[in-house]
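Everything on this sheet refers to the single structure shown next.
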Amino acid sequence: MRTLTQEVDTDRGPPLAVTLQHVLLAVALALAGQLLAAATVGNPIGLSGIAVSHLFLAGFVGITIMGAMTQFVPVWSGVALHSQRLAALEAWLVAAGLAGFVASMVAAELTLLHVAGTLLVAGIWVFVYNVARTLWQARPLDVTEAHFVIALAAFLVLTVLGYLLSLDFTQPLFTGVSVTRPAVASAHATVAVFGAFVTTVFGALYQLGEMFTQADDDRLDVVIQRVELLAYPVGVLALATGRLLGHATTARVGVVLVTGAVALVGVYLARKLYRMRTELSTVLVRYAVVAVAMVAWAAVTLPAWLAEPANRLTVLGTVASEPILLVGVFGFVVVGTLYHIVPFLVWLETYSDRIGYESVPMVEDLYDTRLARVDLLLLFAGTLLGAVAGAIEVPAAVELAGPIAVGLGLAVVAVNLGLVVARHGPLSPRGLLIPPLSTERSEDA
């Protein structure tokens, strides 16, 4: 892993507007998903359950990962982004495809689902191509970049499986073959969540955990990274293959490796926080929640998965552990990333040239820390309520309170970051929609 003292060139990343476009679309889709979830608790409309999961995972988590990786890879790796124009295009393709996908699911009108799927797949492939071409210049790869390469491969696999599933709604593809639609759907979700998203989170946490705690890797940290980098991809491959082909033994091997690796990274992050050399902040509290959530998710999920590794109802965990993964891990990592990326980029664009000439605010001064604490508490409450509602019988009001708390938390995040851009950002609304793009490209483009 590169040291924290090594210089990074922030000019190599995309324009501020491109990254903020990803953030804007991701948060908007997350809020739409939470509204749909709250409106359909106990009263589903069409295939609203699938729509909600895709709005959160493909929309909120996926587009945030796309924006963060597009911004992070060139800056950290010290190479120019392959194409700013492709970076500006990818998020809109995914958002448009996802909007059509959700509309088709809610209305139960599936005849044009593959059209929306085509846009969605095109956006993800544009992202994969752009970042892969960028990483090609960054060799040899460090542990974070290696995780990103694995994640990009998983993005390609999940889009192929997802597109086949969309076609199967109107043109049955799995009739009379040994592979069933539920098995393909299970493999698709496994590759998406654990192959693409969790792998990206691991790679980012190895860097961000060190950055925010200022705690250097010790020998055990390095061992954890090496063991996880070997065991986790093999585990995801085994779990997805076992679920796809109905091989319980193969899937159980994947279960042990996947849950063990998730818990191991949780321990890694907890050790970083224990050795931190910085003051406690909301960012570090978020990472503390993530560390606990990783270990808790693995502990609750392992017994159920070992018993039924191919159960399509527990693809992401048990009913109780799924909210821990989705909100406690993904939600807190994504929100923490947004609080890091947006204020930093706005500060860089607006204030970095003024240092030495006038008094300028710190990066953390750009957002309201009180609002940050409010959204942290709301997301934490939503995680607990979701886990409790999945573990025991609760009144409908308590079951509804979980998605409401998460939705309110995301709304507070949107307001807080929106105020950062409005008060300190140099961009107009038109600049967000049509970003000023450089015509420069990398030497190898």
- request: For H188, check ring pair (Phe, Tyr, Trp, His ring centres under 6.0 Å) against everything at least two apart and list the hits.
  value: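 Result, ring pair (Phe, Tyr, Trp, His ring centres under 6.0 Å) vs H188: none returned.
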
Could you give the side-chain donor-acceptor pairs of residues 112-119 under 3.5 Å, partners two or more places apart or in another chain?
| residue | atom | partner | partner atom | Å |
| --- | --- | --- | --- | --- |
| H114 | ND1 | T111 | O | 3.4 |
| T118 | OG1 | H114 | O | 2.8 |
| T118 | OG1 | Y163 | OH | 3.1 |

What pair of heavy atoms forms the shortest contact from [X] to [Y], and how long is it?
{"X": "A26", "Y": "F60", "answer": "O-CD1, 3.5 Å"}
{"X": "P233", "Y": "E228", "answer": "CD-O, 3.6 Å"}
{"X": "V335", "Y": "V413", "answer": "CG1-CG2, 3.8 Å"}
{"X": "F72", "Y": "Q207", "answer": "CZ-CG, 3.7 Å"}

- request: Starting from the C-alpha separation in whole Å, work towards a yes-or-no answer on side chain to side chain donor-acceptor pair (under 3.5 Å) for D217 and Q225.
  value: CA-CA 10 Å; D217 286 342; Q225 291 172 14; 3.0 Å; yes

field: Partner residues of R219 under the salt bridge (Lys or Arg N to Asp or Glu O under 4.0 Å) criterion, sequence neighbours left out
entry: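 With neighbours one apart ignored, the set is empty.
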
task: Mind checking salt bridge (Lys or Arg N to Asp or Glu O under 4.0 Å) for R275 and listing every partner two or more places apart, or none if nothing turns up?
output: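 Counting only residues at least two positions away or on another chain, R275 forms a salt bridge (Lys or Arg N to Asp or Glu O under 4.0 Å) with D218, D221.
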
message: With side-chain contact (heavy atoms from CB on, under 4.5 Å) as the test, pick out the partner of M294 among V267, L205, L325, L264.
response: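 By the side-chain contact (heavy atoms from CB on, under 4.5 Å) criterion, M294 pairs with just one of V267, L205, L325, L264: L205.
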
- request: With V346 as reference, evaluate L417, L366, I341 under the side-chain contact (heavy atoms from CB on, under 4.5 Å) test and give the passing residue.
  value: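 So the option named by the test is L366.
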
Taking [Y]'s backbone N and O only, do any of them form a donor-acceptor pair with [X]'s side chain (distance below 3.5 Å, no angle check)?
{"X": "T180", "Y": "A183", "answer": "yes"}
{"X": "Q84", "Y": "L81", "answer": "no"}
{"X": "S321", "Y": "I324", "answer": "no"}
{"X": "D368", "Y": "N416", "answer": "no"}
{"X": "K272", "Y": "T213", "answer": "no"}
{"X": "T301", "Y": "A298", "answer": "no"}

Can you list everything that forms a side chain to side chain donor-acceptor pair (under 3.5 Å) with [X]? Sequence neighbours excluded, please.
{"X": "Q34", "answer": "none"}
{"X": "R181", "answer": "D168"}
{"X": "W305", "answer": "none"}
{"X": "D375", "answer": "R286, Y339"}

field: T369-E364 side chain donor-acceptor pair, cut-off 3.5 Å
entry: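 Side chains of T369 and E364: no pair found under 3.5 Å.
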
- prompt: Can you tell me if CZ on F380 sees more than 12 non-hydrogen neighbours from other groups inside 6.0 Å?
  reply: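 Counting other residues, nucleotides and ligands, CZ of F380 stays at 12 neighbours or fewer.
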
message: Test: ring-ring contact (aromatic ring centres under 6.0 Å, His included). Region: residues 306-326. Which pairs qualify, not counting sequence neighbours?
response: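 Pairs touching residues 306-326 that pass the test: none.
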
Side-chain donor-acceptor distances from residues 191-200 under 3.5 Å, at least two apart:
| residue | atom | partner | partner atom | Å |
| --- | --- | --- | --- | --- |
| T199 | OG1 | F194 | O | 3.1 |
| T199 | OG1 | G195 | O | 2.7 |
| T200 | OG1 | A196 | O | 2.7 |

- request: Show the numbers, then the answer: is there a side-chain contact (heavy atoms from CB on, under 4.5 Å) between S77 and L135?
  value: CA-CA 8 Å; S77 300; L135 279 170; 4.3 Å; yes

field: Set of side-chain contact (heavy atoms from CB on, under 4.5 Å) partners for L237, sequence neighbours left out
entry: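 Partners of L237 under the side-chain contact (heavy atoms from CB on, under 4.5 Å) test: T241.
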
field: side-chain contact (heavy atoms from CB on, under 4.5 Å) against S53, all qualifying residues, sequence neighbours excluded
entry: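 Per chain and number, S53 pairs via side-chain contact (heavy atoms from CB on, under 4.5 Å) with no residue.
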
- request: If the plane angle is over 60° it's perpendicular, under 30° parallel, otherwise tilted; pick one for F202 and Y206.
  value: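 Rings of F202 and Y206: tilted, 30 to 60°.
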
